[in-house]
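See below for the structure under consideration.
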Amino acid sequence: MNLILFGPPAAGKGTQAKRLVEQRGMVQLSTGDMLREAIASGSELGQQCKEIMAQGGLIADDIVIALIEARLKEAEDAGGAIFDGFPRTIAQAEALDAMLAKMGKQIDRVVRLKVDDAALTDRISKRFAEQGRPDDNPESFKVRLDAYNRNTAPLLPYYGDKGLLTEVDGMGSIETVAIAIDTALDAS
């Protein structure tokens with residue numbers, strides 16, 4: 001199964017993806033984690049990503065697509081992928097469809113975590129204070145949230161028209177959201 005967890009930064013995608021990895025044996029492909037790994041490596045690409053992310057910008061499609069493509073076979077060999085933070089644009093969605101089609105695979109389900117922007121801003125401020133992740137800076141987060149809302153809105157009808165989109169209330173407890181996601185996946 002190939003699943004996209006769809007929602008803005010701090011919506012809980014990573015938490016739910018980790019749970020699904022443990023329970024269903026899928027591989028999480030988190031662009032956020034991959035970008036943080038690139039930054040930690042100190043590579044030239046990592047430095048470029050660090051600067052863009054610190055300002056709240058989104059990384060160019062070609063870089064993100066290359067990161068996903070490098071890990072896709074591993075995910076497919078394990079029985080499927082959980083795409084976390086990808087795709088964020090129609091171009092990325094089309095590239096993902098093409099990559100999967102080459103492997104005879106497809107996206108099976110898209111779960112959108114619906115959340116309140118003000119509550120997310122509060123959540124990210126707390127996470128920044130506790131963990132100090134540079135991409136959680138409240139000011140850059142607001143830029144990321146605006147970019148997410150602007151750039152990813154077209155993905156809702158893209159996946160909805162294919163009958164793949166399920167919406168889940170992402171403001172509930174971790175357990176409540178998990179049950180809703182499991183219900184959506186088991187209905188596929």
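When a residue number appears, it is its place in the shown sequence, counting from 1. Just so it is clear, the model here is predicted, and its values are computed rather than measured.
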Run the side-chain contact (heavy atoms from CB on, under 4.5 Å) check on Met26 and Asn2 step by step: do they pass?
CA-CA 9 Å; Met26 300 165 78; Asn2 288 306; over 6 Å; no
Just do the side-chain contact (heavy atoms from CB on, under 4.5 Å) check on Val177 and Gln16 with the steps written out, would you?
CA-CA 8 Å; Val177 174; Gln16 293 299 328; 3.8 Å; yes
Leu35 and Lys50: CA distance, side-chain angles, deciding distance, side-chain contact (heavy atoms from CB on, under 4.5 Å) verdict
CA-CA 8 Å; Leu35 291 168; Lys50 181 178 180 177; over 6 Å; no
I would like to know whether Tyr159 and Arg112 meet side-chain contact (heavy atoms from CB on, under 4.5 Å); could you show each step before the answer?
CA-CA 10 Å; Tyr159 288 114; Arg112 176 188 181 209; over 6 Å; no
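Looking at Lys162 and Asp97, a side-chain N of the basic residue comes within less than 4.0 Å of a carboxylate O on the acidic one, giving a salt bridge. Ionic pairing of Arg19 and Asp182 is present here: one or more N-O contacts between side-chain nitrogen and carboxylate oxygen are shorter than 4.0 angstrom. Classification of Glu74 and Arg71 as a salt-bridged pair holds, one side-chain N sitting under 4.0 Å from a carboxylate O.
Of the inter-residue distances, the one linking Phe86 atom CZ with Asp61 atom CG reads 7.5 Å to the nearest 0.5 angstrom. Note: Thr15 OG1 to Asp84 CG = 9.5 Å, rounded to the nearest 0.5 Å. Between the OG1 atom in Thr121 and the CZ atom in Phe141 there is a gap of 5.0 Å [rounded to 0.5 Å]. Distance check: Leu185 CG to Arg109 CZ gives 7.5 Å after rounding to the nearest 0.5 Å. Note that CD1 of Ile181 and CG of Asp186 are 11.5 Å apart. Values are rounded to the nearest 0.5 Å. Note that NZ of Lys13 is 13.0 Å distant from CD1 of Ile82, once rounded to the nearest 0.5 Å.
The shortest heavy-atom contact between Leu29 and Ala81 is CD1-CB, 4.0 Å. Across Ala184 and Val111, no two heavy atoms sit closer than the pair CB-CG2, 4.4 Å. Across every non-hydrogen atom of Leu145 and Pro8, the tightest pair is CD1-CB, 3.6 Å. Taking all atoms of both residues into account, the shortest heavy-atom contact from Gly46 to Ser43 is N-OG, 2.9 Å. Ile68 approaches Met99 most closely through the heavy-atom pair CG2-CE, 4.1 Å. Here the shortest heavy-atom pairing between Val168 and Ala180 reads CG1-CB, 3.5 Å.
At least one side-chain heavy atom of Ile4 sits under 4.5 Å from a side-chain heavy atom of Pro87. Lys126 is not listed as a side-chain neighbour of Ile124, based on a closest heavy-atom distance of 4.5 Å or more. Residues Leu155 and Val110 are not in side-chain contact: their nearest non-hydrogen atoms beyond the backbone lie 4.5 Å or more apart. Using a 4.5 Å heavy-atom threshold, the side chains of Leu45 and Ile63 count as touching. Side chains of Glu76 and Val27 form no contact here, defined as non-hydrogen atoms less than 4.5 Å apart. A 4.5 Å side-chain heavy-atom check between Tyr158 and Leu165 finds every atom pair outside the cut-off. Here the side chains of Phe83 and Leu96 are in contact, with some heavy-atom distance below 4.5 Å. Between Asp33 and Gln28, some side-chain heavy-atom pair lies under the 4.5 Å cut-off.
Under the 4.5 Å side-chain heavy-atom criterion for ILVMFWY residues, no single connected hydrophobic cluster contains both Phe6 and Met171. Residue Leu3 is not grouped with residue Leu100 when hydrophobic side chains (ILVMFWY) are merged at heavy-atom distances under 4.5 angstrom, including chains of intermediate members. Taken together through direct or relayed side-chain contacts under 4.5 Å among Ile, Leu, Val, Met, Phe, Trp and Tyr, Leu164 and Met103 form part of one hydrophobic cluster. Both Leu113 and Val21 are members of a single hydrophobic cluster when ILVMFWY side chains are connected at heavy-atom separations under 4.5 Å. Residue Val64 is grouped with residue Ile90 when hydrophobic side chains (ILVMFWY) are merged at heavy-atom distances under 4.5 angstrom, including chains of intermediate members.
At most 12 heavy atoms of other shown residues, nucleotides or ligands fall within 6.0 angstrom of atom CD in Glu44. Taking a 6.0 Å sphere around CD1 of Ile174, one finds it holds 12 or fewer heavy atoms contributed by other residues, nucleotides or ligands.
Side-chain atoms of Lys114 do not come within 3.5 Å of backbone N or O of Glu167 as any donor-acceptor pair.
Applying the side chain to side chain donor-acceptor pair (under 3.5 Å) test to residues at least two apart or on different chains, the pairs with a partner in residues 138-154 are Asp117-Asn149.
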